[in-house]
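Only one structure is covered here, and it is reproduced in the block below.
Start at 1 and go down the list; that is how both ligands and their atoms are numbered.
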Amino acid sequence: MPTPERESRGALQPHTALLHQRHWPAAGFDSVQPGTFKASTTFFPNMAAWRRRDWLAKDGFIYGPHGTPTTFELEAKVAALEGADHALLCPSGLNAIALVYMALLRPGDEVLVPINVYPANRSLLTGELAAWGIQVVLYDPMDLSTLRFSAATRLLWLEAPCSITMEFPDVRAIAAAATAAGALTALDNTWGAGIAFSPFELGVDISVQALTKYAAGSGDVVMGSITTRDKGLYDALKLCAMRWGVHVAGNDAETVLRGLQSLPLRYRAHDATARLLTQHLARHPAVARVLHPALPEAAGHSTWRRECSAAAGVFSVVFQPSYTEAQVDAFVDALRLFRIGFSWGGPISLVLSYGRSVAALEPLDGELVRFSAGLEAADDLVDDLSQALAVLE
Ligand SMILES: *Cc1c(COP(=O)(O)O)cnc(C)c1O
């Protein structure tokens with residue numbers, strides 16, 4: 001194989017020769033990591049190839065935002081993880097949610113959304129899409145009699161479980177009802193991460209993930225994915241993404257590719273730690289309720305048991321009603337290993353107090369605090385909780 005140095009430079013000026021020197025051929029180089037490809041421009045061999053370009057195909061390269069070897073590789077892996085046939089990357093989990101809405105909804109359409117949906121999803125709907133003439137209809141995911149389909153219902157949104165109050169809905173039954181009513185279904189699978197359950201086996205049409213959380217797992221990259229088994233839906237989503245200029249950076253895709261390699265192991269570690277912490281917290285007299293789908297008293301526990309092989313590392317605690325916001329804030333501030341911040345799925349344990357004003361299915365009578373178990377030794381996290389809970393005594 002000729003090395004690039006030996007390539008003929010002909011009569012070109014040195015700086016032109018530098019620019020036009022070919023890259024090392026990728027074929028023949030085999031290593032653990034796939035490498036990072038970055039491009040705005042990708043070259044066509046001739047005009048005939050340019051005229052044949054197909055924005056929906058993945059067997060060639062057209063322009064950086066359409067895809068690179070790195071983004072196509074990550075899309076193939078996310079599709080495999082979710083048991084889907086097609087995947088599309090977005091610059092954030094929230095953007096992936098937005099893209100589903102933008103690709104599928106038109107003025108006059110209705111979208112059914114759970115009352116306890118991820119708060120940023122709800123504010124996207126009410127703050128932006130409502131002004132485009134899209135009707136947002138809320139339903140209680142734990143009470144199927146609240147599902148109201150009409151001729152205008154185009155899409156039903158699902159989350160399993162709710163990411164703050166942790167109720168686990170009967171996805172299979174809700175998806176079946178929506179499909180029977182002629183509506184498409186999309187599920188925010190950030191919690192399940194492709195590990196705990198398969199949305200497509202439960203009858204969902206589209207799965208969305210914030211890869212930001214467990215897939216990346218490192219707390220330093222923001223990315224989303226949309227997966228589906230339906231080529232027609234994929235085509236609509238991909239065209240919408242191209243029209244809106246949706247694109248992810250090669251270095252970020254490489255970070256997520258790296259994260260995916262350890263995702264199953266990390267997910268189970270987060271799961272085990274979280275379950276240990278919930279047991280510890282449930283025994284404390286200041287705690288009224290621990291919200292985690294694996295607890296027998298949890299809303300939707302039987303569905304979780306039927307459909308899931310694991311649980312993520314997020315859970316919430318509702319304190320006894322007598323504890324004030326200031327007292328619970330003092331508990332949160334006293335934690336040393338649990339850091340205060342948004343997101344979850346990274347190596348560092350996180351905590352946030354949502355108070356009593358969460359969009360819950362039933363009004364909260366005590367302060368709600370959400371935890372994300374990181375990858376620290378579980379005993380150290382238990383000790384941290386114990387010393388901080390002492391502030392409440
Ligand atoms: C974090 C999160 C999102 C949004 O992901 P970003 O990458 O932060 O935009 C969407 N859904 C759920 C359930 C989340 O936890």
Legend entry - Straight-line distance of L337 CG to S349 OG, nearest 0.5 Å: 7.0 Å
Inset, instruction - Do me a favour and list the nearest non-hydrogen protein atom to atom 6 (P) of ligand 1 with residue, atom name and distance? - result: G93 N, 3.4 Å
Legend entry - Protein residue, atom and distance nearest to atom 1 (C) of ligand 1, heavy-atom basis: K213 NZ, 1.5 Å
Inset, instruction - Specify whether H292 and F315 have parallel, tilted or perpendicular ring planes, treating 30° as the upper limit for parallel and 60° as the lower limit for perpendicular. - result: tilted
Inset, instruction - Give the intermediate values and the outcome of salt bridge (charged side-chain N to carboxylate O under 4.0 Å, His left out) for residues R148 and E110. - result: CA-CA 10 Å; R148 297 268 180 279; E110 283 180 13; over 6 Å; no
Inset, instruction - Distance to 0.1 Å, residue and atom name: give those for the protein heavy atom nearest to atom 4 (C) of ligand 1. - result: Y118 OH, 3.4 Å
Inset, instruction - Could you check whether the rings of F168 and F197 sit parallel, tilted or perpendicular, using 30° and 60° as the cut-offs? - result: perpendicular
Inset, instruction - Look at the aromatic rings of W50 and F44 and report parallel, tilted or perpendicular, splitting at 30° and 60°. - result: perpendicular
Inset, instruction - Please confirm whether I97 comes within less than 3.5 Å of ligand 1 when only nitrogen or oxygen atoms on both sides are compared. - result: no
Inset, instruction - Around atom 7 (O) of ligand 1, find the nearest protein heavy atom and jot down its residue, atom name and distance. - result: T212 OG1, 2.5 Å
Legend entry - Distance filter under 4.0 Å to L94 heavy atoms, resulting ligand 1 atoms: 4 (C), 5 (O), 6 (P), 9 (O)
Legend entry - Atom indices of ligand 1, in the order listed, that fall short of 4.0 Å to a heavy atom of V222: 7 (O)
Between side-chain atoms of residues 124-136 and protein atoms elsewhere (two or more places apart, or another chain), which donor-acceptor pairs fall under 3.5 Å?
unit_1: T126; atom_1: OG1; unit_2: R122; atom_2: O; d: 3.0

Legend entry - Identity and distance of the protein heavy atom lying nearest atom 13 (C) of ligand 1: D188 OD2, 3.4 Å
Legend entry - Sub-4.0 Å heavy-atom contact, W344 with ligand 1: yes
Legend entry - Counterpart residues, salt bridge (charged side-chain N to carboxylate O under 4.0 Å, His left out), relative to R154 (two or more places apart): none
Inset, instruction - Specify the protein heavy atom at minimum distance from atom 5 (O) of ligand 1: its residue, its atom name, and the distance to 0.1 Å. - result: A210 CB, 3.1 Å
